[in-house]
Amino acid sequence: MFFLFAIGVKMDSGMMARPGRKAMALGVSVMFVTLGLTVPLSLLLRKFVPMDASLASALPYIAAAQCLTPFPNVAILLTELKILNTDLGRLAISSAMFCDVLGISLTAVGFAVLQSSSEHPLTPLWAVLSSVALLVAIVYIFRPAFNLILRHIPQGKSVGELYINAILLTVLVAGFASEVIGQHYVLGPLVLGLVVPEGPPLGAALEAKLEYPITKLLYPTFLTSSGLKTNIFKIHLQSLWIVGFVVLFSCLVKIGAVMLPAHYSNIPRRDALVLGLMLNGRGICELVLFNLWRDAQVLTDQEFALNVIFVLAATATVAPLIKVLYNPSKQHIQVKRRTIQHAKRDSELRILACIHNQDSIPSIVNLLEASNATEESPIAVIAVILVELVGRSTPMLIAHHHQRTLEPSTSRSGHIINALRQYELYNESCVTVQSFSSISHFETIHDDICRVALDQNATIVIVPFHKVWAIDGSIGSVNRAIQGMDLKILEVAPCSVGVLVDRGILTGSLSILNNLSVYHVAVIYIGGVDDVESLAYGARMARHQNVTLTVIRFLLFGCDNARERKLDNDWIDEVRHANTGNPRFVYQEEVVRDGVGLAASLRGLEDGFDLMIVGRHHQESQLLVGLGAWSECPELGVIGDMLASPDLGSTASILVVQQQRVGGKLVSRSMKPVVNDQDPRLPGQGDASTPPSNNNTTLPIPMNRLDRQ
């Protein structure tokens, strides 16, 4: 009872009540096609194939059980495979939930009829009506009572033990009431769990309260008792192949029942096959059912052992097949270039900003404002608010209804949305904002982010760093789940990615929306496609009236790779030419001998920048030899990790940029960068490999002397 109550608490009752058309079509097909073909097969086998009398009476029940697709089994399987947030995973969850609605309804009617068939002819009708009355009482009496409990809980406080104990006592009452009206005692607790308000404070508190006694005591005890009841020595060989044939036939029929409606829903055949395998997941729910049937003497020891064996066999077969046939990272592959460097002149810049901490909003708004939205080159902001899933096993991606007005809100999401709306209102003619909330486990939340980035044609995704600074300059908190999310996004993102190391709390994060403060940006350039992407982003910022841009290029003394140097010169000359006459643009070169000199130069940078932009990876260079051994955060790269180190003592925020990988490969650097300049390009600048007089040499180049003729 408590296990199924906990399952009900984890389930999303809204998704069960309002499934999509695809989920309904798949659920109906899986349920009734499997039932309509497997049960007749069992009747034919019972008639024409010799078998034990006990197996002959139990075979139709075994066949009917194959049509069930319990949501908990599918959710556990997809969670273990880490594909719960994929498109197929969500469709499988929705379909399984709708199957559960049908299965619970049919099971309730079946129990009502079976347990009262020997009474008066109207007794089954009264049994069904009493079951409906129980469900109505749970929905319209207990759910309002739960909401009343929520209203008595102060904001930010946890649920009291008195309320928790009262609800757990209600679970026992619901089971007793189910048994009294002729249903099985698990019906009431399951439905009661479904009406518990989702998430914190109540749903999360109940799940936390039940997690330890169920997962550590009751659940293992139940599995152990099921294993003790499984006597494989009572299995006859003929019974083994008969039940095995029925189970295999039902699995194939279920896959076919998925592929038929999937064909008319434009789902690819391979995905439909994988979806059918997902819905064939077996687990704890089947064991509960078979234990109930064994206690009711529907199954003997032989049939019970056979069913347990085939549950284990199906579980051991389905998971590896899904791993082989389905690679969720391929759904995020973008065949077109979605980078700042390769964007068309004056095209819309589409920024997907992932927000986890409300305190990072000022830095994110400053970054968005510095990106220089204009009527000729507007900015579309797609904000994804990251919410860790607590209390429900079903992840959700919610699109917020957009209003161009500020609304009073006390929730974290409300504050974030209002801050972004304020930014939108300030740039009313050249900025649009969309907001989503991704409620999921951080192990799989990257699927939501990449899916939104792909659907919204994002140019760059901005993700948070997993370390949060305290006001005294030390590391305040570390969230390793965020780090794992960042690494997965960098691996499969369909566009460029920026990891934002937010140090705004150290400087106060003065807003540049009011035109009263200047935003100082530096671009660290060593070479490589990621540095080119950083330079392209910085070049766009340089056109903002409140942004000063300093491009710092590091060169290796005594080394000249002519081809790479010419490409780098082309990118930089393009940006310098576009900023001719711009007093807020500064370009400087520093020549160093080795990685030690590079590290010393980075430490010596003046602490006058608000934001430093650097590429994640760089072209092969002697400058980087030995520096990677000290790197702690692979998502930042060698230079980004060095700049983000607390030992550096810098107060500047860091944006580590990785250019889009097309098919897992780097984008060619041979394409012309975009700096939104209509003037012809100047000839390439000469290289700066003249031997310096000391280890580190700074070569500032004034913009008014750019013309070399």
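Any value given below was found using the heavy atoms of this structure, including those in side chains, with hydrogens, waters and symmetry copies removed. The model shown is predicted, which means the values in this text are computed figures rather than measured ones.
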Carboxylate-amine/guanidinium proximity below 4.0 Å for [X] and [Y]:
X      : Y      : result
Asp448 : Arg90  : yes
Glu348 : Arg350 : yes
Arg661 : Asp530 : yes

[X] versus [Y], closest heavy-atom pair with distance:
X      : Y      : answer
Glu424 : Val433 : OE2-N, 3.5 Å
Lys488 : Glu443 : NZ-O, 2.7 Å
Pro634 : Gln483 : CD-NE2, 4.1 Å
Leu611 : Leu367 : CD2-CD1, 3.8 Å
Gly538 : Leu549 : O-CD2, 3.1 Å
Ile526 : Asp531 : N-OD2, 2.8 Å

About how many Å separate [atom2] of [Y] and [atom1] of [X], when rounded to the nearest 0.5 Å?
X      : Y      : atom1 : atom2 : result
Arg480 : His466 : CZ    : NE2   : 4.0 Å
Ile449 : Leu386 : CD1   : CG    : 5.0 Å
Ile416 : Ile361 : CD1   : CD1   : 5.0 Å
Gln659 : Ile460 : CD    : CD1   : 10.0 Å
Ser360 : Leu500 : OG    : CG    : 7.5 Å
Asn457 : Ile382 : CG    : CD1   : 8.5 Å

Pairwise side-chain contact, [X] with [Y], heavy-atom cut-off 4.5 Å (strictly under):
X      : Y      : result
Leu643 : Leu602 : yes
Val591 : Phe554 : no
Val381 : Thr432 : no
Asp502 : Asp359 : no
Glu632 : Lys467 : yes
Asn357 : Val468 : yes
Asn366 : Asp610 : no
Tyr537 : Leu655 : yes

Original post:
Could you walk me through whether Glu491 and His446 pass the side chain to side chain contact (heavy atoms under 4.5 Å, CB included) check?
Top reply: CA-CA 10 Å; Glu491 183 179 353; His446 67 281; over 6 Å; no

**OP:** Answer yes or no: does atom CD of Gln456 have more than 12 heavy-atom neighbours from other residues, nucleotides or ligands under 6.0 Å?
**Re:** yes

Original post:
Under the salt bridge (Lys or Arg N to Asp or Glu O under 4.0 Å) rule, what pairs show up with a residue in residues 429-441, not counting sequence neighbours?
Top reply: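 Residue pairs with at least one partner in residues 429-441: there are none.
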
**OP:** Please say which of Arg337, Glu533, Gln341 ends up in a side chain to side chain donor-acceptor pair (under 3.5 Å) with Ser496.
**Re:**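 Result for side chain to side chain donor-acceptor pair (under 3.5 Å) with Ser496: Glu533.
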
**OP:** Go through the structure and list residues passing side chain to side chain donor-acceptor pair (under 3.5 Å) with Gln658, not counting sequence neighbours.
**Re:** Arg616

Subject >> Residues which pass side-chain contact (heavy atoms from CB on, under 4.5 Å) with Arg584, listed by chain and number, not counting sequence neighbours >> reply: Thr548, Asn582

Donor-acceptor pair, side chain of [X] and main chain of [Y], under 3.5 angstrom:
X      : Y      : value
Arg338 : Gln660 : no
Asn546 : Val518 : no
Asn427 : Tyr423 : yes
Asp641 : Cys633 : yes
Asp594 : Gly597 : yes
Thr459 : Leu349 : no

Original post:
Where do Leu352 and Val452 land on the side chain to side chain contact (heavy atoms under 4.5 Å, CB included) test, with the steps shown first?
Top reply: CA-CA 8 Å; Leu352 191 153; Val452 173; 3.6 Å; yes

Original post:
Are the aromatic rings of His356 and Phe442 close, with centres under 6.0 Å apart?
Top reply: yes

Original post:
Does a side chain donor of either Ser377 or Arg543 reach within less than 3.5 Å of an acceptor in the other side chain?
Top reply: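 On atom types as modelled, these side chains do not qualify, holding no pair under 3.5 Å.
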
**OP:** Indicate whether the side chain of His342 and that of Thr339 have a donor and an acceptor atom separated by less than 3.5 Å.
**Re:**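 Note: His342 and Thr339 side chains meet the donor-acceptor criterion.
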
**OP:** Apply the test side chain to side chain contact (heavy atoms under 4.5 Å, CB included) to residues Ile552 and Val586: give CA-CA distance (whole Å), side-chain angles for both, the deciding distance (0.1 Å), then the verdict.
**Re:** CA-CA 9 Å; Ile552 306 172; Val586 177; over 6 Å; no

**OP:** Could you walk me through whether Arg553 and Asn569 pass the side chain to side chain contact (heavy atoms under 4.5 Å, CB included) test, one step at a time?
**Re:** CA-CA 10 Å; Arg553 182 183 183 187; Asn569 286 342; 2.7 Å; yes

